[in-house]
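Remarks on the structure that follows.
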There are 2 protein chains.
Amino acid sequence: MSVQKSKKAGPAKKVADKPAGKVAAAPLRKRGRPRAFEPEAALRNALDTFRETGFAATSLDDLSTAMGINRPSLYNTFGDKRELFLRAYQQYRQETGALFAPALDPKLTLRQMLEMVFATAINLYLSGENGPRGCFTVMTAASEAMSDPEIRALVQKAITGADRNLAERFRLAVKSGELSATADCAALAQAASATIQSIALRARAHVARTELEEMARNAIELIAGPARR
Amino acid sequence: MSVQKSKKAGPAKKVADKPAGKVAAAPLRKRGRPRAFEPEAALRNALDTFRETGFAATSLDDLSTAMGINRPSLYNTFGDKRELFLRAYQQYRQETGALFAPALDPKLTLRQMLEMVFATAINLYLSGENGPRGCFTVMTAASEAMSDPEIRALVQKAITGADRNLAERFRLAVKSGELSATADCAALAQAASATIQSIALRARAHVARTELEEMARNAIELIAGPARR
DNA sequence: GCCAATTTATGCGGAACGGTATAAAAATCA
DNA sequence: TGATTTTTATACCGTTCCGCATAAATTGGC
């Protein structure tokens, strides 16, 4: 019974075959009763819930309430709790990727880039209705990374991806002369990454925004200050 | 088993308002059946368990098994799960404080200090029978900090305490001429703290020891390198 | 030896957990 | 309209959870 994955080569089999743009209403209606919720919005709500209470402490009742759908619909659409967590985390990575992208615009100066990156991080990590939520990668996903290799791989990708993106931007700064040719771009990128992660941790501990901003300023001075030129 | 020396000579009738020693083995036996476990060792095992699986995912059965005592004894000695967690965290802070203390010895040079601090952190965060456990403050306690003000206060104290200890050591380096008088000690201390926290995070994500060591070397160069003199 | 005090051992009880069975509802297709 | 397909809604199942009640075990005091 129940859902063997018969690949009968039928089309339209895939659930969300193609996001294909941010258009919400796909005009082609499937056969049966239409769903009464938007999967993307529901996933956003699941993400918010996981961000606040973590994986283990979030029950399926919490999730189905926050997402506005019942348990069976949840299972049909997203699979079990762990699968939902994985999809929520991927959603988070996608969202934050888009959030940080403008700061990496090559047209900005190095200092402007760092200022934007840190400001974006502070705003993101301090957001939350019930207090600052920190970073999903640093706080929530990393906790599960110990027991779950798949989550661990995603966390690793998130960390090294940030390192790489920043390092690339630093290399650009060397080319443009903003940084000395002897600057160790990978090292500077890791320092910036570590600053972001520390800001996430401190935000979760309710360190005041002004202190986080000062930490960011200090890091900019250390990383891109006169000593590096 | 057990058998401590009965000091039958001294009547010691009074309920001993204050023996008040920090001596571990109090020779005076209390009235009833003696406990069959050592609270300190049990707490250590509880700490290990919490470090591996976090707060919510650790059941009282897990704890009582790991600690080698039954649930009622656990409750009588340590209170409920949350109280046990708090005590385990305090135990962790005490242990790690002692672990890092030698590195802060003022007789060491600044670079030696940083090398020892980072080496200690790497060893601590990579330890664990079931894989690297990271830092209890960064991973486990910070997760609970959102919903629990008392834990949050402890996390804050751990973070700012590390900042302060390092800053003090940097100020010493300014006095000794190892650092320029214009160095921002608080900023450098936060950078070192952030590096430690990032190492903890990366350890949990199974980043290789060699990479962590390279990150430490890079951080030392950035913080105490020629540019700061 | 008997009593009081304290800890250990067993196991219960109500609640919450994750996951699913089952049937009603709402759409398309014929 | 009736059959088919898909989603929704309700309610349940077995397990695990936390915390505690209860009784046996082990000590010191008299």
Side-chain angles (χ1 to χ4, degrees), chain A residues 1-4 6 8 10-17 25-39 41-42 46 49-50 53-86 144 147-148, chain B residues 1-16 26-39 41-42 46 49-50 53-86:
Chain A
M1 65 173 94
S2 85
V3 75
Q4 54 265 33
S6 63
K8 56 170 52 175
K13 196 71 188 289
K14 226 43 184 297
V15 178
D17 32 323
L28 55 93
R29 285 266 269 277
K30 289 193 307 188
R31 189 79 184 297
R33 176 173 177 171
R35 38 168 58 120
F37 64 95
E38 298 174 26
T49 309
F50 277 131
T53 35
F55 178 77
T58 300
S59 73
L60 284 177
D61 278 336
D62 296 337
L63 288 167
S64 87
T65 300
M67 300 168 79
I69 58 183
N70 335 8
R71 220 103 53 90
S73 298
L74 197 161
Y75 271 80
N76 281 335
T77 312
F78 301 104
D80 69 1
K81 190 183 176 184
R82 180 177 164 281
E83 285 181 81
L84 176 59
F85 183 83
L86 281 168
E144 302 306 312
S147 59
D148 192 315
Chain B
M1 55 155 66
S2 69
V3 83
Q4 43 266 59
K5 39 173 126 194
S6 64
K7 64 167 359 177
K8 52 174 52 176
K13 191 69 179 287
K14 235 41 188 297
V15 191
L28 54 92
R29 283 271 211 81
K30 288 192 307 188
R31 191 78 179 303
R33 174 172 179 172
R35 38 168 58 120
F37 63 95
E38 298 174 25
T49 308
F50 276 131
T53 35
F55 178 76
T58 301
S59 74
L60 284 178
D61 278 336
D62 296 336
L63 289 167
S64 89
T65 299
M67 301 168 77
I69 59 184
N70 337 13
R71 219 104 51 90
S73 297
L74 197 160
Y75 272 80
N76 281 335
T77 312
F78 302 105
D80 68 1
K81 187 182 176 184
R82 181 179 163 280
E83 284 181 80
L84 177 59
F85 183 83
L86 281 168

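Lettering of chains follows the sequences in order, A, B, ..., and the numbering in each one begins at 1. Since the model is a prediction, treat every value here as computed from it, not as a measurement.
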Problem set entry | All side-chain contact (heavy atoms from CB on, under 4.5 Å) counterparts of A:S73, not counting sequence neighbours |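 side-chain contact (heavy atoms from CB on, under 4.5 Å) check on A:S73 returns A:F37, A:I69.
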Exercise. Is there a donor on the side chain of A:R31 or the base of D:dT5 sitting less than 3.5 Å from an acceptor on the other?
Worked result: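 Between D:dT5 and A:R31, which were checked side chain against base, a qualifying N/O pair under 3.5 Å is absent.
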Problem set entry | Under-3.5 Å donor-acceptor pair between A:R33 side chain and C:dA25 base | yes
For this session: State which of D:dT8, C:dC17, D:dC17 makes the closest approach to the side chain of A:F37.
Result: D:dT8
Exercise. What pairs with A:T53 under side chain to side chain donor-acceptor pair (under 3.5 Å), at least two apart in sequence or on another chain?
Worked result: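 Scan of A:T53 (side chain to side chain donor-acceptor pair (under 3.5 Å), adjacent residues dropped) gives A:T58.
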Exercise. Looking for any heavy atom pair under 4.0 Å, which part of the strands does B:T58 touch: base, sugar-phosphate only, or nothing?
Worked result: sugar-phosphate
Problem set entry | pair B:S64-B:N70: side-chain heavy atoms closer than 4.5 Å | no
Exercise. B:F50 versus B:L84: any side-chain heavy-atom pair under 4.5 Å?
Worked result: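 Yes; the side chains approach each other to less than 4.5 Å.
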When the distance from [atom1] of [X] to [atom2] of [N] is rounded to whole Å, what number comes out?
X	N	atom1	atom2	value
B:L60	C:dG13	CG	P	19 Å
A:D61	C:dG19	CG	P	12 Å
B:E38	C:dT7	CD	P	16 Å

Exercise. Do other residues, nucleotides or ligands put more than 12 heavy atoms under 6.0 Å from B:E83 CD?
Worked result: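 Atom CD in B:E83 is crowded, with more than 12 foreign heavy atoms closer than 6.0 Å.
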Exercise. Hey, are B:S59 and B:D62 close enough side-chain-wise for a donor-acceptor pair under 3.5 Å?
Worked result: yes
Problem set entry | D:dT8 phosphate, OP1 or OP2, under 4.0 Å from A:N70 side-chain N/O |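 False: A:N70 side-chain N/O out of range (4.0 Å or more) of D:dT8 OP1/OP2.
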For this session: Indicate whether OP1 or OP2 belonging to C:dA16 is found under 4.0 Å from a side-chain N or O atom of A:S59.
Result: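 A:S59 to C:dA16 OP1/OP2: no side-chain N or O under 4.0 Å.
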Seminar exercise, completed: Sorted by number, residues from residues 71-86 of chain B placing a heavy atom under 4.0 Å from DNA chain D are B:R71, B:P72, B:Y75, B:D80, B:K81
